[in-house]
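Here is how names work: the chains are called A, B, and so on, in the same order as the sequence lines, proteins then strands, and each is numbered from 1.
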Amino acid sequence: MANNVHGHGSSSASLNAPVLAPGHDFETITEAVAQIPLAKRTPIGWVLGFMGAFGLFMMLQAALGKLVMTGVGIWGNNVPVGWAFDIINFVWWIGIGHAGTLISAILLLFKQQWRMSISRFAEAMTIFAVACAAIFPLFHTGRPWLAAYWLFPYPNTMGLWPQFRSPLIWDVFAVTTYATVSIVFWYVGMVPDMATMRDRAVSMTKKRVYGVLSLGWRGSARHWHRYEVASLILAGLSTPLVLSVHTVVSFDFAVSVLPGWHATIFPPYFVAGAIYAGFAMVLTLAIPLRVAYKLEDFITMRHIDNMAKVMLATGMMVAYGYAMEAFYGWYSSNPYEQFMIWNRMTGPYAWSYWMLIAINAGMIQFLWFQKVRANLKLLFVMSLFVSVGMWLERFVILVTTLHRDFVPGSWGMYYPTQWDFMTFVGTIGLFLTLFFLFMRFVPMISMFEVRTLLPQAKVKSEHGHGN
Amino acid sequence: MTTDTYHSPESVSGLQKLGIAAVVVGLVLTGVGYSMTGLDRFYQAYLVAWTFWLGVALGSMALLMVQHLSGGAWGVVLRRPLEAAASTLPVMAVLFIPIYLGMHDLYHWSHEGAAEADAIIAAKAPYLNTPFFLGRTVFYFAAWILISQTLLKWSKQQDETGDPGLADKMAYLSGGGLVVYTLTVTFAVTDWLMSVNPHWFSTMWGPLFMAGQGLAAFALGISVLVMLSKTAPMSHVLTSHHFHDLGKFLFAFLMLWTYLMFSQYLIVYSANLQEEAPHYIDRNNGGYEYVTYALMALHFAVPYALLLSRDVKRGIGSLRVIAVWLLVMRVVDYYWQVAPEFHKTLSASVIDVALPIALGGVFLTLYAMRLKSHPLLPLNDAGLEKALTHHVH
């Protein structure tokens, strides 16, 4: 299993592509990756991209400023749809983060070598996505400086605020654990590369900054030993988090009694959807990134192909979830369940349901074809569509259930306001801003891990192979 | 090394004899049990036994398709045991006949007049009616037998000709086959197991049983590989590295099953709705609560704690004990899913043990026959060399 580098009995080109293009040695790998943050001149493309992202981020600040000064009334949520963009966007961002954890933790435990060159920026994506997600539960309280009072799981001696039977409180536990472990894992994984940066930096300031960040790493055998143990433990800790975080997010809906929310399949269906959305985002980032920074030798067609396959597999699971919701919605013989499915398919929000089906159950079927998986432009567009599809999924779950509940007299419609859109698009700005900073200042690819893919490294590893 | 033909050792014939003995013992016990408790308990116990062993075959077929897609050393060494299990499917189809004969005892909705007396059954009648039920069963088996027999045929051709194109063909069929497997098994367990209580429904039902099938398939595969690892030729092939990997998969499926079981429980418990809650009320009363506790402790906690250890996964004997144990617990799980729908108080009888033994005997006999007649490793698999040197990497 470990050395399944050359694909398994298939003649297709992408499958046989290596995880590292031939012709490299230790120096060329390090140079290719380390020169990006160390370069004196900031590429003009980066500056333009950053300005755009930062502009959107400023818009987020404005939207949140307005929210804090005015109150949550500026959003479109109102009876009967009391929960809308805030939780849709929260779930969307949290889901996107999952691919990073899966790549860095589960694929590490399964000794999949193709994870090495994509793990660093996928983990960065996770952390930035969690940061964007956290904004929504925090600000939907309207008074975020009081949020700790309602959300933070402090000792509840007064029996007053935190409702420990509510999955929203479990969310706080789950997401803070997730953010903490992800940041630690990401940072620990970066320490050896930070030392490389320190050693290669020319300017004193850079030497100092990378020197502090590398925590005195000298690359001794003892350091490496500790490093290996630490990363294995962190991978072990992260693995249940891949499942638990989105499971708890699904409980936000599933433990209720509302048709369309209360479905036992929600936990695995949400987890699959999260990984699906996450891999789509990794592809969205990786495809332009490898071209812009000439990293095609490290993020090869093999990576692209594997990620597209994961996207197909998890997308099929999500589509299975839709099929089950529809079938058991009918099979339940519960008139409210049946109405919910019918309303989704034919009600005022039917457009969102059918767009979602067209993307997440229809479009992804093209990924069965190797030619599609090898077409980068097409794959890039498809990955953007998947992000749209997964956003729509949460929109459908939220709005179609809430806007028509058990009593027709209380039915209504939901219309998001400009502030809803500004906040949502603003978090995309925050995400991209952080990602641009990451690209400029941190080695995007784990240099020391990719170096172990070289044949020169294999000879040594025969003796010291820890398992 | 690859010129070896990997003929099966004597122990496989032993497995076949064990299977035949189990048939005999199982049938005798079934006779005893039948005379004690009659036809009604027979069908209920038969449903448990048949869905369990069919689940082993189907789980093996699914894992076979997964390994055709993923490759990896675990798949190469496990492929022949998985194929042997999948080869039992035609006979498993024939063994549906008693379910057909017992439909009246098993499925309340099949009674004449049931729909008039119960609005929920009436609403489900377009799906839950005898002709459609039987038609679906025929369709499920046609699909499963077609997929499994084609894969077995190509695998045999691969041994004989070494045609490299066959691996691609098997991979393509497996991709589509897994989609077919997922959908058919979901509806099959809805038909055969969920509809014993026509009021109960859960969207988790399909994934729950698929996880159980995967767990059982790994458990059986590991048990048989441990047996094969004792003598030549496989004693030269299988190392603790293989078992470590397989042990991890067993562990992963054990956790998956537990995760799905717990999620379903928590969601139903929290909502406390009248259509769903009775499912657990029945299983937490009348003595079934002890079965519930037993499942929590012995199907999850104990094997979980043991499988955490690297030494247990690499210790070949200890892994086999856990694998066989989990197979037994899978039967208990099926019993727990089925029995409370028929008897509100726990009253297990001889026949509940006899039929899993008898059908297990049929399964094992066919399984051993298949294993005996083919090389124990896929001779021309592209990953064979790597799998044989798994410890070196």
- Query: For B:L178, is it the side chain, the backbone, both or neither that has a heavy atom under 4.5 Å from a heavy atom of chain A?
  - Reply: neither
- Task: Could you tell me which non-hydrogen atom of B:A271 sits nearest to which non-hydrogen atom of A:S256, and how far apart they are?
- Result: CB-O, 3.6 Å
- Task: Just do the side-chain contact (heavy atoms from CB on, under 4.5 Å) check on A:V271 and B:Y259 with the steps written out, would you?
- Result: CA-CA 12 Å; A:V271 170; B:Y259 163 67; 3.6 Å; yes
- Message: Under a 4.5 Å cutoff for heavy-atom pairs, which residue among A:F266, A:F327, A:F251 has the most contacts with chain B?
- Response: A:F327
- State, yes or no, whether a side-chain contact exists between B:V179 and A:W368 at a heavy-atom distance under 4.5 Å. yes
- Largest heavy-atom contact set with chain A, pairs under 4.5 Å, which of B:G165, B:A171, B:G175, B:G206: B:G175
- Residue A:S332 versus chain B: region with a heavy atom under 4.5 Å: both
- Query: Does the side chain of A:V257 come within less than 4.5 Å of B:S270's, by heavy atoms?
  - Reply: no
- Item | Polar side chain donor-acceptor pair, A:Y320 to B:T186, under 3.5 angstrom | yes
- Message: Heavy-atom cut-off 4.5 Å, strictly under: side chain, backbone, both or neither for A:M316 against chain B?
- Response: side chain
- Message: Need one label for A:V248: side chain, backbone, both or neither, based on atoms under 4.5 Å from any heavy atom in chain B.
- Response: neither
- Query: Hey, does B:F262 have a side-chain heavy atom less than 4.5 Å from the side chain of A:T247?
  - Reply: no
- Note on the structure: Whatever's closer than 4.5 Å to a heavy atom in chain A on B:L260 counts as side chain
- Item | Gap between atom NZ of A:K309 and atom OG of B:S70 - 0.5 Å precision | 10.5 Å
- Message: Which atoms of B:Y265 are under 4.5 Å from chain A, going by heavy atoms: the side chain, the backbone, both sets, or neither?
- Response: neither
- Query: Quick one: what part of B:F187 sits under 4.5 Å from any heavy atom of chain A, side chain, backbone, both or neither?
  - Reply: side chain
- Near A:Y336 OH, under 6.0 Å, is it more than 12 heavy atoms from other residues, nucleotides or ligands? no
- Message: Closer than 3.5 angstrom, by distance alone: can the side chain of B:T203 be matched with the main-chain N or O of A:E325 as a donor-acceptor pair?
- Response: no
- Query: Could you state the interatomic distance from CG (A:N334) to CD (B:E276), rounded to the nearest 0.5 Å?
  - Reply: 9.0 Å
- Would you mind checking which part of A:Y269 comes under 4.5 Å of any heavy atom in chain B, side chain (CB onward), backbone (N, CA, C, O), both or neither? neither
- Calculate, to the nearest 0.5 Å, the distance between atoms CE and OG1 belonging to B:M261 and A:T264 respectively. 12.0 Å
- Which value, rounded to the nearest 0.5 Å, describes the distance between A:I265 atom CD1 and B:Q264 atom CD? 10.5 Å
- Would you say A:P268 and B:M204 make side-chain contact, with heavy atoms under 4.5 Å? yes
- Work out which heavy atom in A:W170 is nearest to a heavy atom in B:L266; give both atom names and the distance. CZ3-CD2, 3.9 Å
- Query: Do other residues, nucleotides or ligands put more than 12 heavy atoms under 6.0 Å from the CZ atom of A:F339?
  - Reply: yes
- Note on the structure: What one should report as the nearest heavy-atom pair of B:I267 and A:A254 is CG2-O, 3.4 Å
- Query: Hey, is CZ on A:F406 packed in by over 12 heavy atoms from elsewhere, all under 6.0 Å?
  - Reply: yes
- Message: Can you tell me if A:W342 has over 12 outside heavy atoms packed within less than 6.0 Å of its CH2?
- Response: no
- Distance-only donor-acceptor check, side chains B:T190 and A:Y328, under 3.5 Å: yes
- Message: Tell me which one of B:S195, B:P126, B:P198 satisfies side chain to side chain contact (heavy atoms under 4.5 Å, CB included) with A:Y331.
- Response: B:S195
- Contact class of B:L273 relative to chain A, heavy atoms under 4.5 angstrom: side chain
- Message: Could you check whether atom CD of B:Q274 has more than 12 heavy atoms from other residues, nucleotides or ligands sitting under 6.0 Å from it?
- Response: no
